[in-house]
Amino acid sequence: LFQLDGDTLTAWWVLATILVFIVYVRKILNVTNKLRTKLVLLNKNFSQDIIEEDLLFSPVWKEYKESFIDINGTKKTHDFSYDYFNENNLLSANTNLSLINSIPATLVGIGILGTFVGLTFGISDFQTGSSETIQNSIQVLLSGMGTAFVSSIYGMLLSLVFTFLEKIHINSLHNSIASLCYNLDKRFKITKEDEKDIFFKKQEGLLNDYFAFRDDSGNLVKPGNIF
């Protein structure tokens, strides 16, 4: 059978923790780099067709487009585009953001679990038959305690590093997203002039509903024609 000593247990536990860290760091780096590259290209050559067809943006664009209303033959919205095209929504549409956010706690949890595993390993075969066996048992116990402390240190350290890297790369998207939202709001956000047109059309509709009538010839006479 495979003999597992304290040093081997420590090495495998630390390796497992590092592997979890590397896998999810690469995942967050890949998705943020893809988004950043696409955002830079989109800001240089803004196009509605690109947003609609790009798999990175189309899920968010679909939600944004549902807020559009027709104004003078064009589609516009009362909403700010950043309500839709923000870091959380873009990342959630392209990766499991809740899982990514749980990784720091997972790394700490792996470290704490390693603490109990190390302590359990250290005391599981503790013998007190003779001074020699006691001395050997103490060595095993200390080895297990080494696993306990080293795994906790690596878990907490990698958790802090992951959180730091995650925040840096997510925040690095902010400027590119802000530029995209500027272009979207410039094109699709309802302006004060649009709001005036909406107001006057509503007023005109109310006047027509109350005062419009048909003359003897069957022609529709609107309030504006009277006044």
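Nothing here was measured: the structure is a model prediction, and the numbers come from that model.
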Look up atom CD1 in Ile170 and atom CG in Asn88, then write down how far apart they are to the nearest 0.5 Å. 7.0 Å
Min side-chain heavy-atom separation Lys38-Phe57 under 4.5 Å: yes
Show the nearest heavy-atom pair for residues Ser151 and Gly114, with the distance to one decimal. OG-C, 3.2 Å
Please confirm whether the backbone N or O of Leu56 pairs with a side-chain atom of Asn94, one donor and one acceptor, at under 3.5 Å? yes
Could you check if a side-chain atom of Phe188 sits within less than 4.5 angstrom of a side-chain atom of Thr74, using non-hydrogen atoms only? no
Heavy atoms, side chains only, cut-off 4.5 Å: are Ser176 and Asn43 in contact? yes
Can you list, pair by pair, the side-chain donor-acceptor contacts under 3.5 Å of residues 99-113, counting residues two or more places apart and other chains?
from: Asn101; atom 1: ND2; to: Leu97; atom 2: O; distance (Å): 3.3
from: Ser102; atom 1: OG; to: Leu99; atom 2: O; distance (Å): 2.6
from: Thr106; atom 1: OG1; to: Ser102; atom 2: O; distance (Å): 2.9

Spacing of Asn171 atom CG and Ile177 atom CD1 [to the nearest 0.5 Å]: 10.0 Å
Are Ile22 and Leu160 in one and the same hydrophobic cluster, where Ile, Leu, Val, Met, Phe, Trp and Tyr link if side-chain heavy atoms are under 4.5 Å apart? no
Side chain to side chain contact (heavy atoms under 4.5 Å, CB included) assessment of Leu180 paired with Ile51: CA-CA 10 Å; Leu180 173 63; Ile51 299 179; 4.2 Å; yes
Assess the residue pair Asn45 and Leu41 against the criterion (side chain to side chain contact (heavy atoms under 4.5 Å, CB included)); give the C-alpha distance rounded to whole Å, side-chain angles, the decisive distance to 0.1 Å, and a yes or no. CA-CA 6 Å; Asn45 185 24; Leu41 293 174; over 6 Å; no
Between the side chain of Thr163 and the main-chain N/O of Ser159, is any donor-acceptor distance below 3.5 Å? yes
Could you tell me whether the side chains of Tyr82 and Glu87 share a donor-acceptor contact shorter than 3.5 Å? yes
NZ (Lys27) and OG1 (Thr32) are apart, to the nearest 0.5 Å, by 12.0 Å
Expected output: side-chain Ser67 to main-chain Glu63 donor-acceptor under 3.5 Å: no
State, to 0.1 Å, how close Thr77 and Phe68 come at their nearest heavy-atom pair, and which atoms those are. CB-CD1, 3.7 Å
Look at atom OH of Tyr24 and say whether more than 12 heavy atoms of other residues, nucleotides or ligands are closer to it than 6.0 Å. no
Strictly distance-based, threshold 3.5 Å: is any side-chain N or O of Asp54 a donor or acceptor partner for the main-chain N or O of Ile50? no
Less than 3.5 Å apart, any donor N or O on the side chain of Tyr84 or Asp79 sitting next to an acceptor on the other? yes
In terms of hydrophobic clustering (I, L, V, M, F, W, Y; side-chain heavy atoms under 4.5 Å; direct or indirect links), are Leu55 and Val60 co-clustered? no
Tell me whether the guanidinium CZ or amine NZ of Lys189 lies under 6.0 angstrom from the six-membered ring centre of Phe80 and within 45° of its axis. yes
Using a 3.5 Å distance criterion without hydrogens, assess whether the side chain of Ser92 forms a donor-acceptor pair with backbone atoms of Asn89. no
From NE2 (His169) to CG (Asn30), nearest 0.5 Å: 10.5 Å
Say you draw a straight line from CG of Asp83 to NE2 of His78; how long is it, rounded to the nearest 0.5 Å? 13.5 Å
Any chance you could measure Lys186, atom NZ, to Phe46, atom CZ, to the nearest 0.5 Å? 10.5 Å
Using the six-membered ring wherever Trp is involved, compare the ring planes of Trp61 and Phe85 and label them parallel, tilted or perpendicular (cut-offs 30° and 60°). tilted
Is there a path of hydrophobic side-chain contacts, each under 4.5 Å between heavy atoms of I, L, V, M, F, W or Y residues, that connects Leu184 with Val40? no
So does Glu52 pair up with Lys65, basic N to acidic O under 4.0 Å? yes
Whether the side chain of Thr95 engages the backbone of Leu91 through a donor-acceptor N/O pair (distance < 3.5 Å, no angle test) should be reported. no
Side chains of Val25 and Leu165: does their closest heavy-atom pair fall under 4.5 Å? yes
With no hydrogens and no angle check, just 3.5 Å: does a side-chain donor-acceptor pair link Ser98 and Asn96? yes
Nearest heavy-atom pair of Lys76 and Arg187: which atoms, and what distance? CE-O, 3.9 Å
Residue among Val20, Thr17, Ile153 satisfying side-chain contact (heavy atoms from CB on, under 4.5 Å) with Leu158: Thr17
